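For reference, the structure discussed in these notes is given below.
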Amino acid sequence: MFKPKTIMEPFRVKVVEPLPMRTRQERAVALQEAKLNLFSVHADQVTIDLMTDSGTSAMSQEQWAGIMRGDESYAGGRSFFRFADTVKQLTGMEHIIPVHQGRAAERILFTTVGGKGKTIPANTHFDTTRANAEASGAEALDLVIEEGKDPSAEHPFKGNINVLALTKVLEERAGSVPLVVMTITNNSGGGQPVSLENMKQVRAVCDRFQVPLFLDCARFAENSWFIKLREEGQQQRTPRAIAEEMFRLADGAWMSSKKDAFGNIGGFLALKDDALAIECRNLLILTEGFPTYGGLAGRDLEALAIGLEEVLAEDYLEYRIRSTEYVWRHMDQAGVPLLRPAGGHAVYLDARKFLPHVPSGLLPGQSISAALFLEGGVRACEIGTVMFGHTLPDGTQAPGPMDLVRLAIPRRVYTQSHMDYVIEAVTYVFERRAQLGGLKIIEEPSALRHFTCGFEPIGWDPYAP
Ligand SMILES: *Cc1c(COP(=O)(O)O)cnc(C)c1O
């Protein structure tokens, strides 16, 4: 029987979008104007944009057809009910609250249950999750397993939470823990999955202390696929059956539907608890919109409902996870230091090993991101000291837990030859790594600094040919 090795995209192209093809000189000007912050670079200077997989998916013909069917009624629109029914079936939760993106759900939830003196444990909080928990006055605790903190450690489920550490936190502070968060997959920890077994253990601990469990489920389908591939006894199950089981272990969930729902915008908060749902809906009306649209157009809800079904297709998930692994494997073979193993939505460069001569305080991940853009027009995202560290009173940097550069792969957007180009660009920068130096922050906002801060090179000229 013919068993192809080629990882073929299970779709073909119907509409094309030209890629911006720029010169190194044009990019040098853009990078200088952006003060070396890739968030400030105009997208028309970027050839391959791997800054994020959020909101960057290609929608299917069914989703575009759904856009035309969208019902824009202010209250009780058809598209809302289609969306709510889809999410209810998937999650088994009664209350489905649409929001314009994941962080709006976080803001509503943590405004309701967070506050000063509260502790919110997670495997790893995503940046907006941490920021929203902290903005409410609560403490955000990351309790991922030890392997999850070591980029080179091999473990099939590096997103798992340390159950002993969680138990200890709940023993000491159960009364002030409003909920436990499991991020699936663990985005800030390298797109690493959480096992069903770990979720079941966490459920049991939560039951023991009567604390609700919430899933931050932006990549629930990718997590389900990893469980099918890697967890004992799960090989015969469908990703849908696994996803439904994960959600039924939880009391609530929120999703940035800009990820595994193939949406360009959108999200939801799903809840079992009636009283909490009333409180959250009241806040929703205040800032997002009426509960049957939550800041989205009816057409968005329609497209998301379709995307949430499409993402669980086995041929898609197999292609998705294998093609990310393809990029990872080729970079690994070229000797590029990577977070191991490959994540679901992204390949992460290990910046501390990539630039051993640049200490964390001099932001090695940001230097690599700048060089990748300058040389190849590839835009990546630093997930390290810029994102998770902070400036100390003496002006030096407290490092983040890891220094990573994330190459996030938009869904159904780039082909294998685009990825071959990215592999070449990363390898080129790696071979010239000795010429790269560090950076310092010259302007900094008070929260989520990575989005808007500016940088200056320290002792090197990033623009030198
Ligand atoms: C993207 C993301 C969020 C925030 O969602 P937005 O839609 O960007 O507001 C929260 N948690 C995780 C795990 C994410 O990946």
Side-chain angles (χ1 to χ4, degrees), residues 39 50-57 87 97-111 114 120-136 140 142 144 148 158-161 179-194 199 213-224 226 243 246-247 250 252-270 284 287-288 294-296 300-301 303-304 307-308 311 320 324 343-346 348 381-383 387-388 404 406-411 447-448 450-451:
F39 283 101
L50 307 184
M51 164 165 269
T52 179
D53 62 324
S54 178
T56 53
S57 299
V87 181
I97 300 174
V99 291
H100 80 277
Q101 56 185 92
R103 70 197 69 183
E106 291 166 349
R107 166 116 179 122
I108 289 170
L109 186 63
F110 294 137
T111 303
I120 301 175
N123 45 355
T124 309
H125 289 273
F126 182 61
D127 59 350
T128 59
T129 320
R130 168 172 290 278
N132 274 296
E134 288 174 352
S136 80
D142 290 341
V144 74
K158 282 174 90 169
N160 283 356
I161 206 165
L179 51 87
V180 172
V181 180
M182 289 291 261
T183 313
I184 58 171
T185 57
N186 196 23
N187 188 0
S188 301
Q192 301 291 317
V194 176
M199 277 184 246
L213 170 62
F214 274 64
L215 301 182
D216 178 359
C217 64
R219 298 176 184 80
F220 74 95
E222 291 173 4
N223 201 96
S224 302
F226 279 119
M246 294 189 311
F247 282 114
W254 73 90
M255 180 180 191
S256 167
S257 305
K258 302 171 73 173
K259 285 66 173 247
D260 267 353
F262 300 122
N264 299 126
I265 197 72
F268 64 77
L269 177 59
L284 180 86
T287 57
E288 290 279 302
L296 293 168
D300 297 325
L301 291 166
L304 294 175
L308 283 169
V311 75
R320 171 73 174 163
T324 303
H345 67 293
Y348 296 69
C381 182
E382 193 259 16
I383 302 220
M387 192 179 276
F388 289 113
L404 305 175
R406 186 183 72 178
L407 302 159
I409 307 178
R411 291 168 184 77
L448 293 169
H450 53 285
F451 287 130

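Remember, it's a predicted structure, so these values are computed and weren't measured experimentally. Just the heavy atoms: all of them, side chains too, but no hydrogens, waters or symmetry mates, feed the values below. Read the numbers this way: they start at 1 and go in the same order the structure lists the ligands and their atoms.
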*F126 ring centre to K259 NZ or CZ under 6.0 Å, with the angle to the axis within 45°?*
yes
In a simple table, one pair per line, please give the protein and ligand 1 atom names for every N or O pair closer than 3.5 Å, along with the distance.
unit_1	atom_1	unit_2	atom_2	d
ligand 1	5 (O)	S256	OG	3.4
ligand 1	7 (O)	G102	N	2.9
ligand 1	7 (O)	S256	OG	2.6
ligand 1	8 (O)	Q101	NE2	3.4
ligand 1	8 (O)	R103	NH2	3.0
ligand 1	9 (O)	Q101	NE2	2.9
ligand 1	9 (O)	G102	N	3.3
ligand 1	9 (O)	R103	N	2.8
ligand 1	9 (O)	R103	NE	2.7
ligand 1	11 (N)	D216	OD1	3.1
ligand 1	11 (N)	D216	OD2	2.8
ligand 1	15 (O)	N187	ND2	3.0
ligand 1	15 (O)	R219	NH1	2.8
ligand 1	15 (O)	K259	NZ	2.8

*Fit a plane to each ring of F110 and W254, take the angle between them on a 0 to 90° scale, and name the class: parallel (under 30°), tilted (30 to 60°) or perpendicular (over 60°).*
perpendicular
*Considering residues at least two apart in sequence or located in another chain, which fulfil the salt bridge (Lys or Arg N to Asp or Glu O under 4.0 Å) criterion with D300?*
none
*State which residues pass salt bridge (Lys or Arg N to Asp or Glu O under 4.0 Å) with R406; sequence neighbours excluded, sorted by chain then number.*
none
*Under the side chain to side chain contact (heavy atoms under 4.5 Å, CB included) test, which residues partner A303, sequence neighbours left out?*
M59, Q63, I67
*Examine the side chains of N123 and T183 and answer whether a donor and an acceptor come within less than 3.5 Å of each other.*
yes
